[in-house]
Amino acid sequence: MDLWQDDMLARLSELLAGDPAVRALILTGSLATEVPPDPWCDVDLKVVLADAAVGSYYPSPAWLSGLGELIAWDAADHGATRVLRVCLAPFRRLDLSLIPRASLEALAGPPSEAILARGKVIWSREPDLGTYRLRDGADCPAMPRDSEGVLSHLEQMSTAFWFRMTIAIAKTVRNDLLVAAHLALDLARDCLVLQMMLRDRRAGTMIHRYGGWGNELVAELAWPAACGSGEAILRVVAQCGATFDRLAAQVAGEYQPRFAWVLPAIRAAIAAAPT
């Protein structure tokens with residue numbers, strides 16, 4: 001794969017510069033640093049828009065279609081910003097934070113958090129843009145940092161996790177392996193989310209250019225090749241239960257484990273499950 005980011009940035013800049021309602025274009029992310037890009041890097045941009053123009057750029061990414069076929073996209077409203085994450089053919093990823101002009105002051109923060117300190121202004125129609133201390137990552141909802149907030153978030157996850165587990169056990173015994181397998185995959189996903197939370201805490205950031213730490217959990221939760229039986233699904237469920245308790249206790253020391261309460265039911269279900 002060839003490097004494509006410079007060409008895409010130039011084309012996107014030209015497209016947006018043609019609309020006077022686009023007030024500024026700021027390059028952020030790894031391309032705004034000294035980190036050498038590779039073909040897998042996305043293009044991270046902050047786009048300041050006149051308030052009335054936001055609807056022309058969000059939530060539909062159709063305005064980007066002239067830059068390539070739209071393969072996939074995601075739209076998220078984070079209040080002060082709207083985020084479009086787009087992949088254009090053949091594999092060109094854009095991460096666009098669309099900032100209404102009125103939200104500039106709402107995103108103000110201390111100088112140490114200034115996005116302009118780490119970003120690069122491609123062009124601007126806002127003469128006072130440098131006076132705004134736009135928080136880097138303000139468009140990304142962060143995990144709570146206080147212990148009370150972390151525990152509250154974890155309790156919500158835990159309530160849903162253990163309820164899904166009870167349904168998965170019952171569905172397996174009733175030979176509804178379709179639903180049981182679906183729920184078992186959800187349980188594994190929750191465990192992976194906990195591992196990602198621990199990685200964020202360890203690294204002090206939600207942004208990870210490269211992975212590595214925590215990958216061992218993937219093997220631990222790997223779906224068996226011969227998981228077509230009720231017993232195999234229940235063993236996945238059991239592994240997820242033990243793993244969730246272990247990881248949740250690392251996320252919040254106040255977490256109360258529950259797997260021991262459910263394990264007898266899993267053992268009984270394995271004995272009764274269709275083979």
Side-chain angles (χ1 to χ4, degrees), residues 5 26-47 74 76-85 93-99 103-121 130 132-158 160-161 188-221 240 243-257:
Q5 290 87 352
I26 305 165
L27 180 67
T28 61
S30 59
L31 296 181
T33 70
E34 299 300 320
V35 177
D38 61 38
W40 304 101
C41 289
D42 60 1
V43 175
D44 294 281
L45 291 166
K46 303 255 182 211
V47 185
D74 176 69
D77 188 338
H78 296 307
T81 64
R82 280 75 165 175
V83 177
L84 274 180
R85 294 183 172 93
R93 297 187 305 118
L94 309 176
D95 193 330
L96 309 175
S97 294
L98 308 175
I99 307 174
S103 292
L104 286 178
E105 293 185 7
L107 291 176
S112 62
E113 295 179 350
I115 193 173
L116 299 187
R118 286 182 284 175
K120 176 183 177 183
V121 178
Y132 294 103
R133 304 301 184 184
L134 306 184
R135 288 196 303 270
D136 194 8
D139 49 325
C140 300
M143 284 294 301
R145 295 187 179 182
D146 60 293
S147 58
E148 183 177 343
V150 169
L151 183 60
S152 175
H153 180 81
L154 182 59
E155 286 175 345
Q156 294 177 31
M157 282 187 66
S158 177
F161 177 90
R189 177 181 179 275
D190 285 343
C191 292
L192 294 171
V193 169
L194 290 180
Q195 186 81 327
M196 289 189 289
M197 291 167 62
L198 291 170
R199 180 177 69 167
D200 291 346
R201 176 186 294 174
R202 179 178 182 271
T205 179
M206 298 173 63
I207 302 171
H208 308 275
R209 179 173 171 83
Y210 295 106
W213 188 92
N215 286 357
E216 65 277 4
L217 189 68
V218 177
E220 184 177 329
L221 297 176
C240 289
T243 300
F244 189 93
D245 264 0
R246 172 171 55 83
L247 296 177
Q250 296 176 48
V251 171
E254 304 91 333
Y255 170 78
Q256 297 297 314

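We use all heavy atoms of the structure for the numbers below, so side chains are in, but hydrogens, waters and symmetry mates are not. This structure is a prediction, so every number in the text was calculated from the model and none was measured.
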Check your understanding: Gln5 side chain to Cys41 main-chain N or O, any donor-acceptor pair under 3.5 Å?
Key -> yes

- Message: Can a donor-acceptor pair be found, under 3.5 Å and without considering hydrogens, that links the side chain of Arg93 to the backbone of Trp40?
- Response: yes

Among all residues two or more places apart in sequence or in another chain, which pass the side-chain contact (heavy atoms from CB on, under 4.5 Å) test with [X]?
X: Ala160; answer: Arg164
X: Asp77; answer: Tyr58, Arg82
X: Glu220; answer: Leu217, Gln239, Thr243, Arg246
X: Asp44; answer: Thr28, Asp42, Asp95

Minimum heavy-atom distance [X]-[Y], with the two atoms named:
X: Met157; Y: Leu194; answer: CE-CD2, 3.9 Å
X: Ala248; Y: Leu154; answer: O-CD2, 3.5 Å
X: Lys120; Y: Ala32; answer: N-CB, 4.3 Å
X: Leu221; Y: Cys191; answer: CD1-CB, 3.6 Å

Is it the case that more than 12 heavy atoms not belonging to Gln256 sit under 6.0 Å from its CD atom? no

In this structure, CZ of Arg201 is separated from CE of Met206 (nearest 0.5 Å) by 13.5 Å

When rounded to the nearest 0.5 Å, the distance separating CD of Gln195 from CZ of Arg202 is 10.5 Å

Next item on the list: Could you check whether the rings of Phe161 and Phe244 sit parallel, tilted or perpendicular, using 30° and 60° as the cut-offs?
Entry: parallel

Item to check | Heavy-atom check, side chain of Leu27 versus side chain of Leu45, under 4.5 Å | outcome: yes

Which of Leu96, Val47, Ile99 passes side chain to side chain contact (heavy atoms under 4.5 Å, CB included) with Thr81? It is Ile99

The salt bridge (Lys or Arg N to Asp or Glu O under 4.0 Å) partners of Asp38 (sequence neighbours excluded) come to Arg209

